[in-house]
Amino acid sequence: MKLAVRGISQHVLRRIVARVATTPATDPSGRVELVYAAPSIQDDELASLDGYRALLTSDPHPSKRLLAHGIPIIHSTAIDHLKSGDVVVLASDGTVRTVYRPDSGSNFLFATDRCNSNCLMCSQPPKDIDDSFRVEENLEVIRLMTPAPTYLGITGGEPTLLGEGLFRQIEALRDNLPNTRVHMLTNGRRFAWHQFTDRFVEISHPAISLGIPLYADNASHHDYVVQAPGAFDQTILGLYSLARYNQDIEIRVVLHALTIGRLRELSEFLYRNLPFVNHVALMGLEITGYTPHNIKMLWIDPAAYQAELEDATGFLHSRGMNVSIYNHQLCVLKPTLWSFARKSISDWKNIYLEECAVCSLRNRCGGLFKSAETRHSEHIKPFLMTSGVSERGPIGTSAGG
Amino acid sequence: MTRKFLPPNAYSGSGPYQLFPFRFMVLEGDRELITTDWGDWLIVERGTVQRIVGRQIDLTDPIYPTLRAKQILRDTSSSPLLDIAAAKLRTKKSFLNGFTKLHMFVVTLRCEHSCLYCQVSRQTEDKVRFDMSAQTADRALDIMMSSPSSSLKLEFQGGEPFLAFDRMRYILRQAKSLAVERRKDIDFVVATNLSVVTDEHLRWCRDEGVKISTSLDGPAFIHNANRPRSGGDSYERTIRGIAKAREYVGQENVAALMTTTKLSLQHPVELIDEYLAQGFRSIFLRPISPYGFALRVRRDLTQYPISEFIDFYKRGLAYILQLNRQGIQMTEIYAKIILTKILTPFPAYYVDLESPAGAAVSAVVYNYDGDVYAADEGRMLAEMRDHTFRMGNVHRDQFRSLFGNETVAGLLASGTAEALHGCSSCAVQPFYGADPIFHHATQGDPVGNRPLSGFCGRNMTIIKHLLDLVALKDPVTETILLAWVRDKSLREVSIGATA
């Protein structure tokens with residue numbers, strides 16, 4: 001699935017946020033928020049294009065009159081993947097980035113490229129740049145999200161580094177999309193400052209949850225994984241600070257060679273110290289970003305850590321903690337863990353392998369990250385209706401996700 | 001990739017580590033128990049404490065990060081996170097939130113039973129002398145409603161409360177109307193032998209939401225021996241009463257308690273089977289209180305050495321675990337209380353095994369005559385003319401003078417195990433508490449002498465036994481114990497299809 005394509009821009013002087021219309025808007029007053037996307041645009045249509053925020057066309061040879069019209073346009077670009085209602089961002093270099101798809105369950109706001117941690121397995125490596133322009137841009141994206149999504153992620157980078165810029169976005173979500181559940185991925189460190197947490201809580205967003213990673217039961221192991229001294233203390237204090245206000249918290253643990261060793265100890269730590277969290281997600285590794293670079297120290301075949309995963313899942317579940325397993329294939333998971341497995345991979349990077357085509361449990365399975373094409377468990381094998389299912393017992397009904 | 005990654009040792013602590021306060025104890029099998037005030041604990045091999053204290057635990061030792069995670073030691077890699085330790089301690093002590101929540105009303109001392117171990121009941125028709133008057137009830141309710149907690153529990157006690165049904169009805173009506181006025185949420189429960197219970201009584205329980213707690217001491221030959229009444233038919237009446245009560249208020253609202261006498265000690269299996277046969281899914285293998293006025297007379301039938309109770313308890317517990325392994329759900333409540341403290345970060349809310357002890361600060365008894373006692377045991381002692389634990393009288397005192405006086409201060413001083421010699425350094429202390437009334441009654445001093453204390457002897461032995469069960473790390477046993485602690489079925493706490 002394409003989220004970013006590139007064409008040739010004309011008159012795109014700054015980044016433009018707009019909602020896609022694939023058919024002409026009959027009401028000219030509604031065009032001010034729209035980018036009209038069409039395979040080709042004829043000269044006789046020019047008169048009816050007034051008022052659009054921009055134009056997109058796949059036509060590699062747009063007419064001179066069209067290019068001279070003055071309206072921002074990107075031509076020679078793929079537009080087949082765009083649907084009416086999508087929200088796109090156009091840049092002067094000709095990129096067309098899709099930032100909202102009403103028909104997808106995997107929408108998110110990208111808050112910033114910056115981060116105060118530098119995790120060994122970061123899938124979205126941070127950039128030390130000033131991208132504060134994203135605040136106004138995201139506010140516009142939020143304004144254009146119609147129909148409203150049922151679910152929206154906020155990710156980065158580390159969103160909390162925006163400070164007031166983040167709070168303005170959460171306020172906009174509260175005001176414009178009150179029925180949208182929001183899940184923000186954050187390392188939680190800035191919540192260690194009570195004033196920061198107070199400001200966040202004051203917004204009183206009706207349905208926001210925070211996904212906060214914790215990689216060890218102790219500071220030196222966690223700080224090593226996130227490559228940031230003091231991070232463990234700040235995250236723990238942040239979690240407690242949020243708990244004082246009964247915030248909806250999810251703990252996210254990425255499973256790899258550096259975190260598996262003390263997964264049981266981490267589970268005990270979670271139960272003893274953070275029993276107030278609403279969800280614990282035990283997540284498979286995504287082979288992108290920094291991960292390929294650090295693959296030697298990170299990689300362990302998920303089939304090789306099933307005993308540890310079952311132990312941790314059982315420990316948390318038996319104590320009433322709500323636990324899920326993300327990013328794992330059913331053929332790799334122990335059948336006792338199937339009911340904890342969720343279809344967790346965002347649609348635009350979710351794939352199945354060739355051998356999955358014949359698998360009788362494909363519909364139940366969350367599949368793989370696109371990046372798993374380069375590296376995945378060596379134990380991926382299809383369940384065949386005749387042997388697989390009967391051997392491995394019945395399928396639980398509580399999976400979903 | 002332009003970013004540089006630093007090796008693990010760039011994030012580990014340096015220099016000698018420091019210690020948090022912790023307690024330790026040698027266990028059988030060359031092991032040591034280490035516990036903290038905030039509920040973290042672990043069992044290690046003998047000699048580990050010596051190594052910890054001698055700063056001989058190496059950074060690369062797998063136990064090092066565990067000790068750090070449990071806040072037993074700390075180093076420069078992390079701040080002490082004292083706020084976290086404080087929050088865990090606060091959670092452990094959250095049973096104190098809201099102050100005294102259980103208020104027991106002795107509506108009458110009259111009873112048609114003459115149980116071996118009962119200190120208080122009277123067999124008389126004289127209602128005036130041994131029933132709580134309306135004026136006394138009004139005063140007691142006013143004091144109860146002054147308790148800061150927004151949720152309270154009112155327990156009707158006796159005697160047999162249903163012999164004073166009208167008074168009970170009056171109290172409930174008044175309590176409900178006061179609850180609206182003072183914004184309190186009140187749970188009602190009646191402790192009854194169910195022998196004289198009628199449809200009218202049970203209809204009232206159902207309509208007013210009053211839960212029922214009764215006594216079942218085992219099969220007929222034990223129950224009737226422990227709980228004589230004229231006709232010798234206590235067991236039959238109790239069983240009929242339980243069935244009828246369940247029809248009215250539902251199975252889940254009828255609980256039963258047993259008291260262990262010398263006769264019960266010989267028959268743990270029969271006792272448990274009786275509870276199973278009567279449809280109960282839990283049993284509290286509870287020792288007898290070593291005081292009370294009947295005990296002096298019936299000492300031969302009621303008193304036994306702790307070691308006999310321990311043997312009885314272990315046999316009973318083993319049998320109950322066996323039942324659970326066969327898929328029969330049955331919880332042992334004593335174990336559940338202790339295990340809640342061992343296995344969870346939460347308190348057990350059982351006032352007799354907490355620190356500070358529950359007397360006065362968690363539970364209070366309003367006697368029929370208006371005298372107020374710290375706990376039921378306090379009024380039992382009073383029947384032996386020992387008024388040490390009388391806090392005052394509802395007609396002379398207000399909430400502040402009752403709960404702010406020397407008696408309560410003394411109970412707190414002698415009931416806070418953390419501050420008592422013998423307890424303050426005891427590794428199992430976080431798993432139970434102190435019992436000033438027990439020690440006053442048995443040793444003549446509310447603090448008492450720990451090595452000779454029956455309370456400590458019993459609890460320490462049982463706690464070590466339960467720790468051994470946990471330390472087995474047998475998945476099935478662990479699942480059973482967690483199911484007890486969480487009030488769930490085995491299936492609910494297991495993963496996969498094994499249970």
Side-chain angles (χ1 to χ4, degrees), chain A residues 118 120 122 125-126 128 216-234 236-237 239-241 243-244 258 261-262 265-266 268-269 271-276 289-290 292-294 297 310 313-315 317-320 323 334-340 393-394 396, chain B residues 1-14 36 38-42 59 62-71 74-81 83-88 91 343-346 473 475 478-479 481-483 485-488 490 492-499:
Chain A
N118 196 36
L120 294 171
C122 183
D128 195 9
D217 61 337
N218 68 90
S220 31
H221 288 143
H222 176 88
D223 290 357
Y224 168 57
V225 171
V226 305
Q227 291 281 301
F232 178 83
D233 288 4
Q234 287 174 2
I236 294 296
L237 291 172
L239 286 163
Y240 265 77
S241 184
R244 284 192 306 143
L258 299 174
R262 290 185 69 83
E265 286 82 358
L266 175 56
E268 289 185 26
F269 183 85
Y271 179 59
R272 283 278 169 188
N273 295 273
L274 307 164
F276 47 79
Y290 283 154
H293 179 75
N294 292 324
M297 62 171 131
E310 186 182 42
T313 305
F315 179 91
H317 174 73
S318 64
R319 282 157 183 80
V323 53
K334 281 191 167 196
T336 49
L337 297 176
W338 286 5
S339 64
F340 297 92
Chain B
M1 303 301 157
T2 51
R3 291 241 194 165
K4 261 188 75 176
F5 299 107
L6 298 179
N9 61 20
Y11 301 96
S12 51
S14 60
T36 66
W38 33 93
D40 286 306
W41 62 270
L42 75 166
L59 268 175
I63 203 179
Y64 185 92
T66 300
L67 293 169
R68 213 171 29 186
K70 292 180 185 288
Q71 295 189 284
R74 59 169 292 229
D75 61 29
T76 56
S77 71
S78 163
S79 69
L81 292 172
D83 287 357
I84 306 315
K88 287 191 281 189
T91 303
L343 295 175
T344 86
F346 309 110
K473 294 194 189 297
E478 195 171 62
T479 304
L481 302 182
L482 282 166
V485 164
R486 295 191 50 230
D487 277 325
K488 301 281 181 193
L490 285 185
E492 286 170 293
V493 297
S494 317
I495 62 167
T498 44

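Because the structure is predicted, anything quoted here is derived from the model rather than measured. Protein chains get the first letters and strands the later ones, always in sequence-line order, with residue 1 at the start of each.
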Segment of Gln227(A) engaging chain B (4.5 angstrom heavy-atom cut-off):
both
Pro229(A) portion near chain B, given a 4.5 angstrom heavy-atom threshold:
both
Judged by modelled atom types alone, do Arg262(A) and Thr66(B) share a side-chain donor-acceptor pair under 3.5 Å?
yes
Euclidean distance, Gln234(A) CD relative to Ser79(B) OG, rounded to 0.5 Å
9.5 Å
Do Leu81(B) and Phe232(A) have side chains that approach each other closer than 4.5 Å (heavy atoms only, starting at C-beta)?
yes
Relative to chain A, which segment of Pro7(B) carries a heavy atom at a distance below 4.5 Å: side chain, backbone, both, or neither?
backbone
So, taking the atom named OG1 in Thr91(B) and the one named CG in Asn273(A), what distance separates them when rounded to the nearest 0.5 Å?
10.0 Å
Can you tell which part of Ala243(A) gets under 4.5 Å to a heavy atom of chain B, answering side chain, backbone, both or neither?
neither
I need the minimum non-hydrogen distance between Phe5(B) and Leu120(A), along with the two atoms involved.
CD2-CD2, 3.5 Å
Where on Glu268(A) is there a heavy atom nearer than 4.5 Å to chain B: the side chain, the backbone, both, or neither?
side chain
Top contributor to chain B contacts, counting heavy-atom pairs under 4.5 Å, from Asp223(A), Asp217(A), Val225(A):
Asp223(A)
Between Arg486(B) (side chain only) and Ser318(A) (backbone N and O only), is there a donor and an acceptor less than 3.5 Å apart?
yes
Non-hydrogen side-chain atoms of Thr344(B) and Arg319(A) separated by less than 4.5 Å:
no
Looking only at non-hydrogen atoms, find the nearest pair between Ser220(A) and Ser12(B) and report the distance.
CB-CA, 3.5 Å
Would you mind checking which part of Glu478(B) comes under 4.5 Å of any heavy atom in chain A, side chain (CB onward), backbone (N, CA, C, O), both or neither?
side chain
Between His221(A) (side chain only) and Pro8(B) (backbone N and O only), is there a donor and an acceptor less than 3.5 Å apart?
no
Phe346(B) and Tyr271(A) aromatic ring geometry - parallel, tilted or perpendicular at 30°/60° bounds
perpendicular
Output yes when a side-chain donor or acceptor of Arg272(A) lies under 3.5 Å from a complementary backbone atom of Gly39(B), and no otherwise.
yes
Most contacts with chain B, counted as non-hydrogen pairs under 4.5 angstrom, among Asp233(A), Asn294(A), Leu237(A):
Asp233(A)
Whether the side chain of Asn218(A) engages the backbone of Pro65(B) through a donor-acceptor N/O pair (distance < 3.5 Å, no angle test) should be reported.
no
For the residue pair Tyr240(A) and Asp83(B), establish whether any side-chain heavy-atom pair is separated by less than 4.5 Å.
no
Does any backbone or side-chain atom of Lys488(B) lie under 4.5 Å from a heavy atom of chain A? Answer side chain, backbone, both or neither.
neither
